[in-house]
Amino acid sequence: MGQNDTAHHKRLVVLDMAGTTVADGGLVERAFLRAADQLGIEPTPADRAAQLQYVRDTMGESKISVFRHLFGTPELAQQANTAFEQAYGEMVDGGLVAALPGAREAIEELRSQGRTVVLTTGFARVTQDAILGALGWSDLADLTLCPADAGGRGRPFPDMVLAAFLRTGAVEDVRDVAVAGDTAYDMLSGVRAGAGVVAGVLTGAHQRAMLEEAGATRVLASVAELPALLAEVEAGA
(Lines give C-alpha, C1' and ligand atoms only; values in the text may rest on other atoms or scores of the structure.)
Protein backbone atom coordinates (compact mmCIF):
# COMPACT_ATOMS: atom_id res chain seq x y z
CA MET A 1 0.00 0.00 0.00
CA GLY A 2 1.26 3.51 -0.83
CA GLN A 3 2.47 5.69 2.01
CA ASN A 4 -0.58 7.94 2.05
CA ASP A 5 -3.31 5.54 0.87
CA THR A 6 -6.01 5.32 3.52
CA ALA A 7 -7.88 2.22 4.59
CA HIS A 8 -11.27 3.47 3.43
CA HIS A 9 -13.17 1.91 0.52
CA LYS A 10 -12.86 4.13 -2.55
CA ARG A 11 -16.47 4.25 -3.68
CA LEU A 12 -16.17 7.58 -5.53
CA VAL A 13 -13.65 7.88 -8.37
CA VAL A 14 -12.96 11.28 -9.96
CA LEU A 15 -11.16 11.02 -13.30
CA ASP A 16 -9.62 13.67 -15.52
CA MET A 17 -10.34 13.51 -19.24
CA ALA A 18 -7.63 14.82 -21.64
CA GLY A 19 -4.40 12.93 -21.03
CA THR A 20 -5.98 10.52 -18.55
CA THR A 21 -8.95 8.88 -20.24
CA VAL A 22 -8.87 10.78 -23.56
CA ALA A 23 -5.84 11.05 -25.87
CA ASP A 24 -4.86 14.67 -26.39
CA GLY A 25 -2.48 14.23 -29.32
CA GLY A 26 -1.38 17.84 -29.20
CA LEU A 27 -4.87 19.21 -29.78
CA VAL A 28 -4.64 21.65 -26.85
CA GLU A 29 -1.50 23.25 -28.26
CA ARG A 30 -2.95 23.41 -31.76
CA ALA A 31 -6.14 25.00 -30.50
CA PHE A 32 -4.15 27.50 -28.44
CA LEU A 33 -2.13 28.58 -31.49
CA ARG A 34 -5.32 29.10 -33.50
CA ALA A 35 -6.87 31.08 -30.67
CA ALA A 36 -3.78 33.27 -30.25
CA ASP A 37 -3.72 33.99 -33.98
CA GLN A 38 -7.35 35.08 -33.89
CA LEU A 39 -6.52 37.71 -31.27
CA GLY A 40 -4.29 39.44 -33.79
CA ILE A 41 -1.35 39.47 -31.40
CA GLU A 42 1.99 38.78 -33.10
CA PRO A 43 4.53 37.74 -30.46
CA THR A 44 8.17 37.11 -31.20
CA PRO A 45 9.15 33.47 -31.79
CA ALA A 46 10.68 33.41 -28.31
CA ASP A 47 7.50 34.79 -26.73
CA ARG A 48 5.35 32.28 -28.64
CA ALA A 49 7.60 29.44 -27.51
CA ALA A 50 7.31 30.65 -23.91
CA GLN A 51 3.51 30.81 -24.22
CA LEU A 52 3.36 27.25 -25.54
CA GLN A 53 5.60 26.05 -22.74
CA TYR A 54 3.28 27.68 -20.21
CA VAL A 55 0.32 25.94 -21.84
CA ARG A 56 2.15 22.60 -21.48
CA ASP A 57 3.21 23.28 -17.90
CA THR A 58 -0.34 24.19 -16.85
CA MET A 59 -2.12 21.28 -18.50
CA GLY A 60 -5.01 20.37 -16.24
CA GLU A 61 -5.71 23.92 -15.12
CA SER A 62 -8.89 25.72 -16.13
CA LYS A 63 -8.24 27.12 -19.61
CA ILE A 64 -9.69 30.56 -18.82
CA SER A 65 -7.19 30.85 -15.96
CA VAL A 66 -4.34 30.03 -18.34
CA PHE A 67 -5.49 32.71 -20.76
CA ARG A 68 -5.81 35.30 -18.00
CA HIS A 69 -2.16 34.72 -17.17
CA LEU A 70 -0.99 34.83 -20.78
CA PHE A 71 -3.02 37.76 -22.11
CA GLY A 72 -3.42 39.96 -19.05
CA THR A 73 -6.89 41.41 -19.34
CA PRO A 74 -10.19 39.63 -18.67
CA GLU A 75 -11.48 40.76 -22.07
CA LEU A 76 -8.57 39.27 -24.03
CA ALA A 77 -8.65 36.14 -21.89
CA GLN A 78 -12.34 35.62 -22.65
CA GLN A 79 -11.78 36.18 -26.37
CA ALA A 80 -8.92 33.71 -26.34
CA ASN A 81 -10.93 31.15 -24.40
CA THR A 82 -13.88 31.42 -26.79
CA ALA A 83 -11.59 31.03 -29.81
CA PHE A 84 -9.79 28.12 -28.13
CA GLU A 85 -13.01 26.26 -27.34
CA GLN A 86 -14.24 26.79 -30.91
CA ALA A 87 -10.97 25.54 -32.41
CA TYR A 88 -10.82 22.52 -30.10
CA GLY A 89 -14.47 21.71 -30.80
CA GLU A 90 -13.86 21.81 -34.55
CA MET A 91 -11.00 19.35 -34.18
CA VAL A 92 -13.19 17.08 -32.05
CA ASP A 93 -15.92 17.26 -34.69
CA GLY A 94 -13.26 16.40 -37.27
CA GLY A 95 -12.64 13.07 -35.58
CA LEU A 96 -9.28 14.00 -34.04
CA VAL A 97 -10.13 12.87 -30.50
CA ALA A 98 -9.82 9.30 -29.28
CA ALA A 99 -10.09 7.35 -26.05
CA LEU A 100 -6.86 6.20 -24.46
CA PRO A 101 -6.38 2.42 -24.64
CA GLY A 102 -8.25 0.66 -21.86
CA ALA A 103 -9.94 3.82 -20.56
CA ARG A 104 -13.52 2.88 -21.38
CA GLU A 105 -12.99 -0.62 -20.03
CA ALA A 106 -11.48 0.79 -16.82
CA ILE A 107 -14.48 3.05 -16.25
CA GLU A 108 -16.87 0.19 -16.89
CA GLU A 109 -14.92 -2.04 -14.51
CA LEU A 110 -14.87 0.63 -11.80
CA ARG A 111 -18.63 0.97 -12.04
CA SER A 112 -19.09 -2.82 -12.05
CA GLN A 113 -17.13 -2.84 -8.77
CA GLY A 114 -19.87 -0.65 -7.30
CA ARG A 115 -17.97 2.62 -7.59
CA THR A 116 -19.40 5.95 -8.71
CA VAL A 117 -17.33 7.48 -11.51
CA VAL A 118 -17.15 11.21 -12.30
CA LEU A 119 -15.35 12.64 -15.33
CA THR A 120 -13.88 16.14 -14.92
CA THR A 121 -12.19 18.62 -17.25
CA GLY A 122 -10.67 22.08 -17.44
CA PHE A 123 -12.61 22.71 -20.66
CA ALA A 124 -15.94 24.49 -20.90
CA ARG A 125 -19.11 22.40 -20.82
CA VAL A 126 -19.71 22.72 -24.57
CA THR A 127 -16.28 21.24 -25.32
CA GLN A 128 -16.63 18.53 -22.69
CA ASP A 129 -19.97 17.48 -24.16
CA ALA A 130 -18.51 17.48 -27.68
CA ILE A 131 -15.71 15.14 -26.56
CA LEU A 132 -18.11 12.82 -24.75
CA GLY A 133 -20.42 12.75 -27.75
CA ALA A 134 -17.61 12.05 -30.21
CA LEU A 135 -16.43 9.11 -28.11
CA GLY A 136 -19.92 7.75 -27.44
CA TRP A 137 -19.32 8.36 -23.75
CA SER A 138 -22.33 10.52 -22.90
CA ASP A 139 -23.70 7.86 -20.53
CA LEU A 140 -20.43 6.17 -19.59
CA ALA A 141 -19.86 7.90 -16.24
CA ASP A 142 -22.29 8.64 -13.43
CA LEU A 143 -21.58 12.38 -13.62
CA THR A 144 -19.47 14.82 -15.66
CA LEU A 145 -18.19 18.13 -14.32
CA CYS A 146 -16.44 21.19 -15.72
CA PRO A 147 -15.22 24.23 -13.74
CA ALA A 148 -18.50 26.11 -14.22
CA ASP A 149 -20.33 23.24 -12.50
CA ALA A 150 -18.19 23.80 -9.39
CA GLY A 151 -18.51 27.55 -9.03
CA GLY A 152 -16.09 28.52 -11.77
CA ARG A 153 -12.76 27.47 -10.30
CA GLY A 154 -10.93 24.63 -11.99
CA ARG A 155 -7.77 22.85 -10.94
CA PRO A 156 -5.55 23.12 -8.93
CA PHE A 157 -8.43 24.15 -6.65
CA PRO A 158 -10.25 21.18 -5.06
CA ASP A 159 -13.67 22.43 -6.14
CA MET A 160 -14.52 19.86 -8.82
CA VAL A 161 -13.51 16.94 -6.59
CA LEU A 162 -15.59 18.37 -3.75
CA ALA A 163 -18.49 19.05 -6.12
CA ALA A 164 -18.37 15.37 -7.14
CA PHE A 165 -18.39 14.41 -3.45
CA LEU A 166 -21.37 16.65 -2.69
CA ARG A 167 -23.44 16.07 -5.82
CA THR A 168 -23.18 12.28 -5.95
CA GLY A 169 -23.54 11.60 -2.24
CA ALA A 170 -21.70 8.36 -3.02
CA VAL A 171 -19.49 8.41 0.08
CA GLU A 172 -19.58 9.94 3.54
CA ASP A 173 -15.90 10.80 3.89
CA VAL A 174 -13.54 12.54 1.45
CA ARG A 175 -10.98 9.87 2.28
CA ASP A 176 -13.27 7.47 0.38
CA VAL A 177 -12.58 9.41 -2.83
CA ALA A 178 -9.96 8.37 -5.41
CA VAL A 179 -8.67 10.94 -7.89
CA ALA A 180 -6.70 10.12 -11.04
CA GLY A 181 -5.11 12.43 -13.57
CA ASP A 182 -2.06 13.08 -15.73
CA THR A 183 -0.99 16.50 -14.40
CA ALA A 184 0.38 18.09 -11.26
CA TYR A 185 -2.81 20.16 -11.12
CA ASP A 186 -4.90 16.98 -10.94
CA MET A 187 -2.73 15.79 -8.04
CA LEU A 188 -2.97 19.12 -6.20
CA SER A 189 -6.76 19.21 -6.54
CA GLY A 190 -7.01 15.68 -5.13
CA VAL A 191 -4.67 16.40 -2.23
CA ARG A 192 -6.43 19.65 -1.37
CA ALA A 193 -9.81 17.88 -1.42
CA GLY A 194 -8.53 15.26 1.04
CA ALA A 195 -8.89 12.31 -1.32
CA GLY A 196 -7.62 9.01 0.04
CA VAL A 197 -5.97 7.95 -3.21
CA VAL A 198 -4.43 10.47 -5.62
CA ALA A 199 -3.11 8.53 -8.61
CA GLY A 200 -1.01 9.99 -11.37
CA VAL A 201 -0.98 8.41 -14.82
CA LEU A 202 1.85 8.61 -17.35
CA THR A 203 -0.27 8.95 -20.50
CA GLY A 204 -0.45 12.74 -20.59
CA ALA A 205 1.31 15.99 -19.90
CA HIS A 206 3.47 15.47 -16.82
CA GLN A 207 6.11 12.94 -15.84
CA ARG A 208 6.47 10.90 -12.66
CA ALA A 209 8.61 13.43 -10.78
CA MET A 210 6.10 16.27 -11.26
CA LEU A 211 3.19 14.05 -10.27
CA GLU A 212 4.92 12.83 -7.11
CA GLU A 213 6.07 16.32 -6.17
CA ALA A 214 2.45 17.48 -6.39
CA GLY A 215 1.31 14.75 -4.00
CA ALA A 216 0.54 11.61 -6.00
CA THR A 217 0.15 8.63 -3.68
CA ARG A 218 0.62 6.27 -6.63
CA VAL A 219 1.83 6.65 -10.22
CA LEU A 220 0.39 4.28 -12.83
CA ALA A 221 1.32 3.58 -16.43
CA SER A 222 -2.28 4.34 -17.39
CA VAL A 223 -5.79 4.58 -16.03
CA ALA A 224 -6.30 0.96 -17.12
CA GLU A 225 -4.41 0.00 -13.94
CA LEU A 226 -6.73 1.93 -11.62
CA PRO A 227 -9.38 -0.75 -10.93
CA ALA A 228 -6.68 -3.19 -9.82
CA LEU A 229 -4.99 -0.51 -7.70
CA LEU A 230 -8.18 0.32 -5.81
CA ALA A 231 -8.93 -3.38 -5.28
CA GLU A 232 -5.37 -3.78 -3.94
CA VAL A 233 -5.68 -0.78 -1.62
CA GLU A 234 -8.94 -2.10 -0.19
CA ALA A 235 -7.62 -5.64 0.16
CA GLY A 236 -4.74 -4.32 2.22
CA ALA A 237 -7.02 -2.24 4.44
Side-chain angles (χ1 to χ4, degrees), residues 1-6 10 13-33 46-70 84 88 99-103 106 118-123 131 145-147 150 153-162 164 174-175 177-226 228-230 232-233:
M1 185 179 296
Q3 182 177 3
N4 297 317
D5 294 337
T6 66
K10 307 302 178 289
V13 183
V14 182
L15 302 176
D16 171 52
M17 291 180 60
T20 302
T21 54
V22 180
D24 173 61
L27 296 189
V28 167
E29 293 179 30
R30 289 167 59 185
F32 167 76
L33 289 172
D47 286 343
R48 178 54 57 87
Q51 289 176 340
L52 274 174
Q53 189 58 51
Y54 185 79
V55 170
R56 296 184 192 106
D57 291 343
T58 56
M59 287 289 191
E61 185 177 354
S62 169
K63 297 300 176 283
I64 187 67
S65 298
V66 173
F67 293 135
R68 286 193 195 107
H69 175 88
L70 289 175
F84 171 87
Y88 198 97
L100 280 166
V118 179
L119 291 173
T120 64
T121 184
F123 294 131
I131 295 169
L145 294 172
C146 68
R153 297 197 308 181
R155 309 180 194 101
F157 296 101
D159 302 21
M160 285 195 290
V161 178
L162 295 175
V174 290
R175 291 174 293 176
V177 180
V179 172
D182 66 298
T183 71
Y185 290 87
D186 295 307
M187 304 300 95
L188 284 170
S189 68
V191 170
R192 291 171 176 176
V197 168
V198 181
V201 297
L202 298 175
T203 49
H206 294 163
Q207 299 304 307
R208 176 182 295 271
M210 288 186 69
L211 297 171
E212 290 179 339
E213 184 178 350
T217 62
R218 298 291 185 95
V219 178
L220 309 175
S222 77
V223 75
E225 297 179 356
L226 187 61
L229 168 64
L230 297 185
E232 173 195 333
V233 168

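The structure places CZ of Arg155 at 6.0 Å from OG1 of Thr121, a figure rounded to the nearest 0.5 Å. For the atom pair Asp16 CG and Ser189 OG, the distance stands at 8.5 Å (nearest 0.5 Å). Of the inter-residue distances, the one linking Thr203 atom OG1 with Leu100 atom CG reads 5.0 Å to the nearest 0.5 angstrom. In this structure, CG in Leu27 is found 8.5 Å from CD1 in Ile131, a value given to the nearest 0.5 Å. Rounded to the nearest 0.5 Å, atoms CG (Leu145) and CE (Met17) are 11.0 Å apart. For the atom pair CZ (Arg218) and CG (Leu226), the distance works out to 10.5 Å, reported to the nearest 0.5 Å.
For the pair Leu33 and Leu52, the minimum side-chain heavy-atom distance is below 4.5 Å. Side-chain contact check for Asp186 versus Leu188: every heavy-atom pair is 4.5 Å or farther apart. Looking only at side-chain heavy atoms (C-beta outward), Leu202 and Leu211 come within less than 4.5 Å of each other.
Residues His206 and Arg56 come closest through the heavy atom pair NE2-O, 3.4 Å. Ala164 and Val14 make their closest contact through CB-CG2, 3.8 Å (heavy atoms, listed as atom of the first residue, atom of the second, distance). Here the closest heavy-atom approach between residue Gly190 and residue Val179 is recorded as CA-CG2, 4.0 Å. Summarising the geometry of Ala199 relative to Leu229, their closest heavy-atom pair is CB-CD2, 4.3 Å, with the distance given to 0.1 Å. Met187 and Gly181 get closest at one heavy-atom pair: CE-O, 3.5 Å. Across all their heavy atoms, Pro158 and Ala193 have their closest contact at CB-N, 3.6 Å.
A donor and an acceptor atom, one from each side chain of Arg153 and Ser65, are nowhere located under 3.5 Å apart. Between the side chains of Asp47 and Gln51, no donor-acceptor pair of N or O atoms lies under 3.5 Å.
With Thr120 contributing its side chain and Leu15 its backbone, the two residues share a donor-acceptor pair below 3.5 Å. At least one donor-acceptor pair under 3.5 Å links the side chain of Arg192 to the backbone N or O of Pro156. Remark: the backbone N or O of Val197 is not paired with any side-chain donor or acceptor of Thr217 at under 3.5 angstrom.
Salt bridge status for Glu213 with Arg208: absent, with no side-chain N to carboxylate O gap under 4.0 Å.
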Go through it in stages, so that I can follow the logic: the residues are Lys63 and Val28, the test is side chain to side chain contact (heavy atoms under 4.5 Å, CB included), and I'd like the CA-CA distance, side-chain angles, deciding distance and then a yes or no.
CA-CA 10 Å; Lys63 297 300 176 283; Val28 167; 4.2 Å; yes
Would you please test Phe32 and Phe84 for ring-ring contact (aromatic ring centres under 6.0 Å, His included) and show each step?
CA-CA 6 Å; Phe32 167 76; Phe84 171 87; 7.8 Å; no
Take Val13 and Leu230 through the test side chain to side chain contact (heavy atoms under 4.5 Å, CB included) and record every step on the way to the result.
CA-CA 10 Å; Val13 183; Leu230 297 185; 3.8 Å; yes
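Note: Tyr54 and His69 have parallel aromatic rings, judged against thresholds of 30 and 60 degrees for the angle between ring planes.
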